[in-house]
Amino acid sequence: MLKTDCFVGVHFKFFNHMALASSPHQTYIPLPSSNSGGRHADHEVVLKPVPIYIISHESQLPATFLNPSPKNEMVVGLDCEGVDLCRYGTLCIVQLAFPDAIYLVDAVRGGRKLINACKPALESVYVTKVIHDCKRDSEALHYQFGIKLHNVMDTQIAYYLIEEQLGKKSTQDGHISFVRLLADPRYCGISYVEKKEVRSLLKEDPQFWTYRPLSELMVRAAADDVRFLPYVFHKMMENLSEESLWRLAVRGSLCCRCFCISDNEYADWPAIPSIPEFLNVERDTLEDEILSILDVPPGKMGRVIGRKGSSILSIKESCKAEILISGSKGAPDKVFIIGPLKQVRKAEAMLRGRML
């Protein structure tokens with residue numbers, strides 16, 4: 001799968017490593033400079049060989065992960081694979097990227113018991129989950145396993161917060177793909193063309209992730225989707241301001257619950273981070289950020305979306321808020337709005353106008 005020589009404008013230095021723990025699969029993860037065991041130039045990427053473990057029982061996972069503790073805070077890359085991944089789909093694999101190994105948690109072989117063993121960590125404040133676009137993964141984990149994904153660092157959100165700090169305007173759809181993110185030389189500078197190949201396979205056979213045993217292609221594809229996330233996390237955290245860090249935590253929390261519709265206004269979910277007292281900015285310039293869910297009357301969703309999404313795009317341009325449609329995968333009669341309070345209320349009013 002992903003080649004180790006495809007970094008753009010960087011040199012490689014391979015980390016000396018003792019024999020890997022017994023595993024027929026291995027890959028390389030890039031190390032942040034603070035963990036690479038020496039001084040390296042900014043343009044130098046240190047690659048460390050790590051094993052890839054296929055997990056079918058909880059005893060094969062690190063005890064520190066299964067039992068989160070303030071004494072063992074950790075950062076892990078997270079992704080999920082499955083069939084039509086959402087509330088109604090089938091979650092097949094949960095990928096976890098640690099500094100010393102990649103774990104492919106096999107939900108097909110291990111079943112509910114295995115995924116439930118991961119629940120404390122996935123909900124824990126002591127485990128930071130680095131993920132790219134958490135919404136569908138969170139939806140699948142919640143509806144299929146009752147997991148309330150918490151304390152995520154969403155690299156899609158972080159990317160645009162950094163762009164805002166630099167005074168750059170976000171794209172119309174407000175999203176950056178994982179492939180484009182990895183191609184950015186500030187974060188990895190790699191060409192991830194293999195991702196497109198896997199997507200083509202998924203279109204040809206939507207059951208791709210259900211087959212067992214996992215093929216070499218499946219193992220590589222699953223590992224490639226998480227092995228760079230911890231490195232991207234460190235590169236992004238270096239560039240986020242205090243205000244952006246707060247917004248990142250808030251928006252991550254809101255995106256985790258976005259498609260997980262609650263009858264009790266998310267009372268049983270972890271609290272949204274409030275504006276911290278230490279934040280060194282004018283308090284009057286800050287607004288709490290919220291999630292709003294609008295019900296769309298039958299037959300009105302077309303007017304809300306507009307031709308080729310024109311209505312939604314025009315409202316996004318007028319409001320600094322993210323507007324999401326769950327579509328057939330989730331709740332087809334609802335619109336989800338995330339952003340600063342006043343901007344969300346403005347978007348609500350404009351959307352209601354489209355429903356008349």
Side-chain angles (χ1 to χ4, degrees), residues 1-2 23-29 50-62 65-66 75-98 100-123 127 129-147 149 152 154-155 178-179 182 192 194-230 256 259 329:
M1 290 301 292
L2 209 55
S23 172
H25 311 285
Q26 81 168 68
T27 188
Y28 290 88
I29 62 169
V50 298
I52 304 170
Y53 297 116
I54 300 171
I55 306 300
S56 58
H57 191 273
E58 63 186 270
S59 61
Q60 298 169 296
L61 286 167
F65 174 76
L66 295 173
V75 176
V76 300
L78 172 68
D79 190 33
C80 298
E81 307 293 354
V83 179
D84 196 21
L85 203 60
C86 63
R87 68 178 69 187
Y88 303 119
T90 303
L91 187 145
C92 298
I93 301 173
V94 176
Q95 304 107 284
L96 302 168
F98 287 75
D100 57 354
I102 305 291
Y103 295 88
L104 307 184
V105 182
D106 190 347
V108 174
R109 289 275 176 87
R112 180 172 293 275
K113 183 179 179 182
L114 175 58
I115 302 303
N116 284 344
C118 299
K119 180 176 180 177
L122 296 176
E123 295 184 343
V127 181
K129 280 72 65 174
V130 188
I131 188 170
H132 188 80
D133 192 2
C134 66
K135 295 183 286 293
R136 289 297 183 192
D137 289 359
S138 179
E139 181 184 19
L141 288 166
H142 179 64
Y143 282 104
Q144 296 178 42
F145 298 96
I147 293 170
L149 188 61
V152 302
D154 193 316
T155 56
F178 190 49
V179 173
L182 292 183
Y192 193 0
E194 290 84 358
K195 182 73 171 176
K196 296 177 182 177
E197 294 174 12
V198 174
R199 283 177 179 164
S200 296
L201 288 173
L202 285 169
K203 286 182 180 179
E204 294 173 9
D205 185 359
Q207 301 299 312
F208 177 79
W209 290 112
T210 66
Y211 302 130
R212 296 297 181 274
L214 294 173
S215 68
E216 185 67 22
L217 171 62
M218 296 167 78
V219 170
R220 293 294 170 191
D224 283 347
D225 275 353
V226 290
R227 67 185 178 110
F228 293 100
L229 286 171
C256 277
F259 293 149
K329 284 189 173 185

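Nothing here was measured: the structure is a model prediction, and the numbers come from that model.
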Tightest non-hydrogen contact, residues Cys92 and Thr210, listed as SG-CG2, 3.9 Å
Residue set satisfying ring pair (Phe, Tyr, Trp, His ring centres under 6.0 Å) with Phe98, at least two apart, ordered chain then number -> Phe65, Tyr103
If the plane angle is over 60° it's perpendicular, under 30° parallel, otherwise tilted; pick one for Tyr192 and Phe178.
perpendicular
Is there a side-chain contact between Thr27 and Val219, using heavy atoms and a 4.5 Å cut-off? no
Item checked: Close side-chain approach of His57 to Leu114, heavy-atom, < 4.5 Å -> no
_Tell me whether Arg87 contacts the main-chain N or O of Phe259 through its side chain, where contact means a donor paired with an acceptor under 3.5 Å._
yes
Hits for ring pair (Phe, Tyr, Trp, His ring centres under 6.0 Å) against Phe208, two or more places apart or cross-chain, chain-then-number order -> none
dist Leu96:CG -> Leu229:CG (nearest 0.5 Å) comes out at 11.0 Å
The reported gap from CG in Asp79 to CG in Asp225 (rounded to nearest 0.5 angstrom) is 5.0 Å
CD of Gln207 to CG of Asp84, rounded to nearest 0.5 Å, is 10.0 Å
#### Entry: Heavy-atom side-chain contact between Ile54 and Gln60 under 4.5 Å
no
In this structure, CG of Leu104 is separated from CZ of Arg109 (nearest 0.5 Å) by 13.0 Å
Is there a side-chain contact between Ile147 and Glu123, using heavy atoms and a 4.5 Å cut-off?
-> yes
>> Is there a side-chain contact between Leu85 and Asp137 in this structure, where contact means two heavy atoms from C-beta onward sitting under 4.5 Å apart?
In response: yes
### Whether Arg227 side chain and Tyr28 backbone form a donor-acceptor pair below 3.5 Å
yes
All heavy atoms of Pro230 vs all of Ala97, minimum pair found to be CG-O, 3.9 Å
**Asked** Is the side chain of Lys119 donor-acceptor paired with the backbone N or O of Phe145 at a distance under 3.5 Å, no angle test?
**Response** no
inquiry  = Tell me if a side-chain donor or acceptor on Gln95 pairs with a main-chain N or O of Ala222 at a distance below 3.5 Å.
reply    = yes
Are Leu61 and Tyr53 packed together at the side-chain level, in the sense that at least one heavy-atom pair is separated by less than 4.5 angstrom? no
Heavy atoms of Leu91 and Ala140 approach each other most closely as CD1-CB, 4.3 Å
So does Cys134 get a backbone contact from the side chain of Asp154, meaning a donor-acceptor N/O pair under 3.5 Å? yes
Between the CZ atom in Arg199 and the CG atom in Leu201, the distance rounded to the nearest 0.5 Å is 12.5 Å
Any side-chain to backbone donor/acceptor pair from Gln144 onto Glu139? Under 3.5 Å, distance only.
no
Margin query: I'd like to check Ile115 versus Val105 (side-chain heavy atoms, cut-off strictly below 4.5 Å). Are they in contact?
Written below: yes
Checklist entry - Lys129 side chain to Ala121 main-chain N or O, any donor-acceptor pair under 3.5 Å? => result yes
Rounding to 0.5 Å, atoms CD1 (Ile102) and CZ (Arg220) come to a distance of 10.5 Å
Nearest heavy-atom contact between Ile131 and Leu78 is CG1-O, 3.4 Å
message: Evaluate Val108 against Tyr211 for side chain to side chain contact (heavy atoms under 4.5 Å, CB included), listing each step before the verdict.
response: CA-CA 9 Å; Val108 174; Tyr211 302 130; over 6 Å; no
